[in-house]
Amino acid sequence: MSFVVPDACTLPTAERPFRLAEFDELFATAVRDVEQADATHARLNLAGPEGLATKVRDLTARETECCSFFTFTTTPQYAPDGEIVVLDIEVPAAHADVLTSLTQRASAVSGQS
């Protein structure tokens, strides 16, 4: 499964498979729904054990360090048996293809496609 890596990404090439694996693990275990609102905005609905919001914030903060065009907004919500997290992802129009690639991967890995 391919993924669009933009030229703007500053993550060293050797580290990219590891970061992708981190996203794949999150997608496989926590994604419950993937919505691409428009070309520059997507929303992932996540559910998992306590600590999910912290894990998502950590991963997205590290991703923003190397791909500064991403804007991630993490909104935890109450759940009686774990955590629910709404993850909004926004990009400038010039990086819409990266967002589409990310949402397609999230859908495929999570089984939502």
Side-chain angles (χ1 to χ4, degrees):
M1 180 181 329
S2 65
F3 181 75
V4 174
V5 178
D7 293 336
C9 180
T10 62
L11 187 67
T13 303
E15 294 180 29
R16 291 178 185 176
F18 300 108
R19 180 66 54 82
L20 191 56
E22 286 184 88
F23 272 102
D24 282 351
E25 190 273 331
L26 178 68
F27 297 157
T29 61
V31 169
R32 299 299 177 260
D33 187 45
V34 178
E35 306 168 33
Q36 186 148 3
D38 58 43
T40 61
H41 177 218
R43 174 172 287 163
L44 305 182
N45 294 294
L46 313 168
E50 190 171 324
L52 177 63
T54 300
K55 178 180 179 177
V56 171
R57 279 191 293 269
D58 174 66
L59 178 58
T60 57
R62 289 184 289 120
E63 186 63 17
T64 302
E65 288 175 10
C66 62
C67 294
S68 61
F69 58 86
F70 277 118
T71 300
F72 294 102
T73 305
T74 305
T75 308
Q77 298 181 340
Y78 172 77
D81 58 345
E83 291 185 5
I84 296 173
V85 176
V86 176
L87 176 61
D88 284 289
I89 309 166
E90 296 179 88
V91 298
H95 294 290
D97 60 333
V98 178
L99 182 61
T100 297
S101 181
L102 183 67
T103 57
Q104 288 173 344
R105 188 170 189 97
S107 292
V109 172
S110 67
Q112 298 296 313
S113 58

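Since the structure is predicted, the reported quantities are computational estimates derived from the model, not experimental observations.
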Is there side-chain contact between [X] and [Y], with heavy atoms separated by less than 4.5 Å?
X	Y	answer
Phe72	Asp88	no
Val34	Phe27	no
Pro80	Tyr78	yes
Val98	Val91	no
Cys9	Arg16	yes
Leu26	Leu52	yes

Considering non-hydrogen atoms only, spot the tightest contact between [X] and [Y] and give its length.
X	Y	value
Thr74	Ala53	CG2-O, 4.4 Å
Gly51	Glu83	N-OE2, 3.0 Å
Ala42	Thr103	CB-CG2, 3.4 Å

Residues [X] and [Y] bridged, charged N to O under 4.0 Å:
X	Y	answer
Glu25	Lys55	yes
Arg19	Glu22	yes
Arg43	Asp33	no

**Pair Asn45-Glu35, side chain to side chain contact (heavy atoms under 4.5 Å, CB included): steps then yes or no** = CA-CA 8 Å; Asn45 294 294; Glu35 306 168 33; 3.1 Å; yes

**Asked** Partners of Thr100 by side chain to side chain donor-acceptor pair (under 3.5 Å), sequence neighbours excluded?
**Response** Gln36

Hydrophobic clustering (ILVMFWY, side-chain heavy atoms < 4.5 Å, transitive) - are [Y] and [X] grouped together?
X	Y	answer
Val56	Ile84	no
Phe23	Val109	yes
Leu99	Leu20	yes

Gap separating the [atom1] atom of [X] from the [atom2] atom of [Y], nearest 0.5 angstrom:
X	Y	atom1	atom2	value
Leu44	Leu102	CG	CG	6.5 Å
Glu63	Ser68	CD	OG	10.5 Å
Glu65	Leu11	CD	CG	10.0 Å

